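A quick write-up on the structure given underneath.
Predicted, not measured: the structure shown is a model, and the values here were computed from it. Here is the naming used below: chain letters follow the sequence lines, and residue numbers restart at 1 for every chain.
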Amino acid sequence: MSARVFVIDDDTAVRDGLTMLLEVAGYDVVAFSNARSFLEVCPANCEGCIILDVNMPDMDGPALQQELLQHGIQLPIIFLSGYGSTSTVTRTLEAGAMAFLTKPVKGQVLLEKVQEALRRNA
Amino acid sequence: MKKSPDTKADELRRCAEQRLNKNPMDDIPREESAHRLLHELQVHQIELEMQNEELRLARAETEASLEQFTTLYDFAPVGYFTLDREGVIRQLNLCGAKLLGSERSKFLGRNFGQFVGSHYRTAFNDLLWKVFSGQNAAGIEMELNHSDQPTRFIQIEATPDTSKQTCRMTATCITQRKQLEKEVLERRKEMEILQKKQIAAQTAAAIAHELNQPLLALASYSEAALLMLQQKNPDMEKIHHAIEASERQALRAGQSIRELLEFLRTDSFHIEAVDLNSEIRKALTLASTGHEMQFHSVCQLDDQLPPVHANRNHVQKVLLNLIHNSLEAAQEFAVPLPVVSIATRTAGNGDIAQVTVRDNGPGLTPDLARRLFESFFTTKSYGIGMGLIISRSLIEANGGKLWFDSKEETGAAFHFTLPLSK
């Protein structure tokens with residue numbers, strides 16, 4: 001069974017594009033348009049990694065990261081942000097994020113990070 | 001009431017007689033005429049003594065009063081000057097001398113205008129002229145100019161005295177107040193610059209967000225297509241789909257830039273008197289023809305609202321943006337009959353107009369409301385959002401404010417203000 005990547009982003013086109021790229025690269029992709037719907041289905045023994053948008057309405061990326069930590073869910077997180085403020089980058093990386101990438105990101109770079117994340121999680 | 005001199009003399013005589021009667025001179029021989037003369041002399045003597053005593057008392061009183069008024073004049077905490085028609089100092093108190101920076105004797109006979117800062121001389125001469133020509137002269141603020149003294153600011157008031165040959169002038173030191181005012185002004189300028197920088201940063205972040213979303217999608221589709229082309233039996237249909245999607249995202253980015261430029265275009269920043277109510281009616285008509293959604297509009301417009309001082313295009317863009325926002329929120333939450341209510345009224349101290357645009361959607365949670373103007377933030381799944389931050393920039397550029405308030409039961413309400421035309 002191929003490794004699973006969760007894509008959480010409120011932009012339809014971004015979700016669709018990332019899903020296609022990751023599927024072509026051989027991953028099993030599950031996409032969510034917001035953090036809460038992901039939380040509802042994510043079990044504690046979830047495996048894989050998360051590609052997470054920073055700026056989302058309601059619960060944003062860093063808030064979801066905190067929520068997961070509190071639930072003891074240790075999925076590696078790759079943050080994607082349109083404009084990373086230094087404080088957000090520091091805060092998320094200190095909280096254990098795998099990487100913080102700026103949109104738009106080169107597909108190869110993202111795939112390498114995903115590979116690294118999954119290897120680390122294995 | 002004053003006693004007439006006669007009555008006073010009569011009374012003096014009566015008092016003197018009374019005193020004499022208390023001490024009759026028994027040892028003097030009682031020869032009638034001599035006795036009478038003596039009596040007269042004694043009465044006169046006592047009268048004189050009494051007058052003398054009265055004078056002494058009056059003098060002491062006058063001296064005390066003079067001292068009191070001298071003290072009041074000299075040590076008053078404001079400068080007092082007596083100036084003649086040419087502005088020459090005829091009299092001044094100690095505080096006045098201190099304001100001018102030296103001893104009193106150095107200023108007597110000199111023209112007050114010499115000590116007035118060059119920029120204020122005309123205003124000072126004008127004040128003197130007004131005072132002596134009997135016109136109402138309001139007090140003026142001016143800078144004192146004295147070579148070896150730090151700059152001083154004073155406020156002067158003057159009134160002519162009865163002779164109309166001199167005037168009395170007070171001078172109050174307002175240097176400290178002026179310095180504070182200057183500091184406040186500087187702080188305010190710093191704040192405004194900071195605020196502008198913050199808004200510029202937020203607007204830039206908004207633009208970055210608006211462009212980076214389609215760019216990321218485009219990069220992902222392209223990379224996916226490239227990967228598929230490297231596969232042994234590439235799925236041409238899927239590659240086709242990826243390239244088509246890339247094209248759509250490139251166009252989406254272009255559209256965003258066009259919308260942004262359209263929104264920010266200020267052909268010329270022309271400020272005029274704008275009738276808000278008529279702009280609101282125009283915007284509602286435009287929105288109902290330009291939007292595929294049916295909606296009901298409720299206007300509570302103040303007919304007495306004076307025109308505002310603003311750029312007509314900006315007002316139109318902000319109104320359209322707020323109406324579209326309301327309608328899109330209604331669409332998002334599937335409100336059966338969207339209602340957009342717009343109200344106008346005068347606010348502040350009657351010098352600004354306030355517009356409120358309200359929808360009948362579910363409103364926003366406090367958390368959403370807090371983040372509404374944060375960097376670039378939208379609750380919509382596609383585009384928009386940028387409109388709000390730019391609307392706020394436009395309103396602020398026109399001297400107003402734009403803010404949001406949400407009460408769960410009444411939907412979301414956006415307010416903005418604009419200065420009234422004077």
Contact check, side chains of B/L286 and B/Q316, non-hydrogen atoms, under 4.5 Å: yes
Portion of B/A245 that has a non-hydrogen atom of chain A nearer than 4.5 angstrom: neither
Heavy-atom proximity to chain B below 4.5 Å, by part of A/L110: neither
Contact leader toward chain B among A/L18, A/L111, A/D16, where contacts are heavy-atom pairs under 4.5 Å: A/D16
Chain A contacts, top residue of B/A219, B/A242, B/S222 (heavy-atom pairs, under 4.5 Å): B/A242
Pairs involving residues 32-41 of chain A, ordered by first then second residue, that meet side-chain hydrogen bond (donor to acceptor under 3.5 Å, both in side chains) (sequence neighbours left out): A/N34-A/S37, A/R36-A/D58
Top of B/L211, B/L227, B/L218 for chain A proximity - count of heavy-atom pairs under 4.5 angstrom: B/L227
B/T417 side-chain N/O to B/K401 backbone N/O, donor-acceptor pair under 3.5 Å: yes
Contact check, side chains of A/C46 and A/F6, non-hydrogen atoms, under 4.5 Å: yes
When A/K103, A/R15, A/K106 are compared by non-hydrogen pairs under 4.5 Å with chain B, the top option: A/K103
Residue among B/K238, B/H241, B/Q231, B/E223 with most heavy-atom pairs under 4.5 Å to chain A: B/E223
Distance-only side-chain donor-acceptor flag, B/Q255 / B/R252, under 3.5 Å: no
Beyond-backbone contact of A/P62 with A/T88, side-chain heavy atoms, under 4.5 angstrom: yes
Region of A/L80 that comes under 4.5 Å of a non-hydrogen atom in chain B: side chain
